[in-house]
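Proteins come first, then strands; the chains are lettered A, B, ... in the order of their sequence lines, and each starts at number 1.
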Protein chains: 4
Amino acid sequence: MTAVGGIAPDILKQYIERIERLELEKMQITENIRDIFAAAKIDGFDPKVMRQVIKIRKMDAQERNEQEALLDTYQKALGMLPDFE
Amino acid sequence: MTAVGGIAPDILKQYIERIERLELEKMQITENIRDIFAAAKIDGFDPKVMRQVIKIRKMDAQERNEQEALLDTYQKALGMLPDFE
Amino acid sequence: MTAVGGIAPDILKQYIERIERLELEKMQITENIRDIFAAAKIDGFDPKVMRQVIKIRKMDAQERNEQEALLDTYQKALGMLPDFE
Amino acid sequence: MTAVGGIAPDILKQYIERIERLELEKMQITENIRDIFAAAKIDGFDPKVMRQVIKIRKMDAQERNEQEALLDTYQKALGMLPDFE
DNA sequence: AACGTTGAAATAGTTC
DNA sequence: GAACTATTTCAACGTT
């Protein structure tokens with residue numbers, strides 16, 4: 001906790017400004033997403049249903065990744081793959 | 001709800017994929033932010049304090065905006081400004 | 001999760017009814033607030049402005065609290081205050 | 001909008017303070033509700049399920065009210081009830 | 001009266 | 001596993 005005292009306020013400031021910039025970018029992306037939902041709604045698609053679809057697709061992807069990881073583990077255990085990355 | 005039936009699944013797919021791409025970008029930014037906090041922590045800065053600082057700075061900015069909006073509203077109410085923008 | 005099976009439906013019922021009563025109270029308060037806004041409007045006050053004023057006052061209070069918390073955190077970090085409360 | 005100018009700031013202040021007091025009460029009730037959910041959870045009840053139950057009960061109540069209102073309308077139309085309240 | 005906007009609240013995820 | 005943060009969801013409000 002030595003840095004807080006007064007040694008390196010500039011460094012701290014830089015960290016904080018970088019974070020703030022990234023948070024701003026995040027906000028802008030969020031707005032973009034909102035706009036797309038709005039456009040889709042105008043085209044007759046229900047945003048609520050769309051969100052569900054996206055959620056399910058995400059879960060599917062996760063399962064796929066987990067299964068692949070599991071497969072990988074088995075293969076390594078069976079000497080079918082090298083142990084290192 | 002006509003679009004959902006079967007007419008335009010392609011359009012829906014495009015909307016969803018655009019959203020998924022943006023959500024991926026958001027996640028990456030979130031990770032970047034996490035990394036910065038981690039780096040700052042290694043430099044001796046307390047993430048908790050950093051978050052408080054960021055929050056206060058954000059509140060300052062918001063409040064400034066609110067104050068200006070309120071002033072504007074008053075001025076309009078008193079006929080000192082045109083109602084349209 | 002043993003309680004759900006059939007042992008203590010009465011207890012559950014009591015919890016739920018207490019919550020429902022409180023939610024009813026909340027709704028009534030919300031209605032009271034609406035009524036006050038309406039009365040103020042009749043007296044010539046713009047609800048929009050009132051909401052802005054309330055928001056700014058709330059932000060002021062929050063910010064004061066945040067500032068104090070931040071100061072406290074710094075002081076603890078510098079060993080100027082005991083860590084426990 | 002005459003009142004805003006400077007005639008009756010006291011009145012405005014009173015309105016705003018009454019609203020703030022009510023909003024505080026609302027917050028306290030919200031906290032009470034949270035506490036009850038927490039207590040119920042300790043007793044083994046799943047808060048998520050409880051919320052669903054409460055929601056369903058609320059919908060049931062609404063339906064009941066709507067049906068009663070409909071019945072009332074029919075009865076009035078058929079001269080089975082007086083038109084006034 | 002429906003629509004979009006905004007603010008609160010809950011849930012999920014992360015960190016300690 | 002407990003606390004805290006962040007994201008998502010839901011409801012209310014103003015607006016058109």
Nearest-0.5 Å distance that lies between atom NZ in Lys48(B) and atom OG1 in Thr73(C):
7.0 Å
Could you tell me how far apart Gln52(A) (CD) and dT9(F) (P) are, to the nearest whole angstrom?
9 Å
When rounded to whole Å, the CD1 to C1' distance for the pair Ile54(A) and dT9(F) reads 14 Å
CD1 of Ile19(B) versus P of dT7(F): gap in Å, rounded?
17 Å
So which protein N/O to nucleotides 12-16 of chain F N/O distances come out below 3.5 Å?
from    : atom 1 : to       : atom 2 : distance (Å)
dC13(F) : OP2    : Arg34(C) : NH1    : 2.5
dC13(F) : O3'    : Arg51(C) : NE     : 3.4
dC13(F) : O3'    : Arg51(C) : NH2    : 3.0
dG14(F) : OP1    : Arg51(C) : NE     : 2.5
dG14(F) : OP1    : Arg51(C) : NH2    : 2.5
dT15(F) : OP1    : Lys48(C) : NZ     : 2.9

Pair Lys76(A) + Asp72(A), salt bridge at N-O below 4.0 Å:
yes
Between atom CD of Glu25(B) and atom CZ of Arg21(B), what is the distance when rounded to the nearest 0.5 Å?
9.0 Å
Could you check how far CD of Glu23(B) sits from C1' of dA12(E), rounded to whole Å?
15 Å
Roughly how many Å is it from CD1 in Ile36(A) to P in dG4(E), rounded to a whole number?
16 Å
Round to the nearest Å and state the distance from Lys41(B) atom NZ to dT14(E) atom P.
16 Å
Ile29(C) atom CD1 is separated from dA11(F) atom P, nearest whole Å, by 19 Å
At under 4.0 Å, does any side-chain N or O of Lys55(D) touch on OP1 or OP2 of dA10(E)?
no
Between atom CD in Gln62(B) and atom P in dG7(E), what is the gap in whole Å?
8 Å
To the nearest 0.5 Å, what is the distance between CG on Asp35(A) and CD1 on Ile19(B)?
10.5 Å
Check this for me: does any side-chain nitrogen of one of Lys58(C) and Glu23(D) sit under 4.0 Å from a carboxylate oxygen of the other?
yes
Assert: residue with more 5' nearest nucleotide on DNA chain E, out of Ala38(A) and Lys58(C), is Ala38(A)
In chain order, what residues pass the side-chain contact (heavy atoms from CB on, under 4.5 Å) check against Met59(C), with sequence neighbours excluded?
Gln62(B), Glu63(B), Glu66(B), Lys55(C)
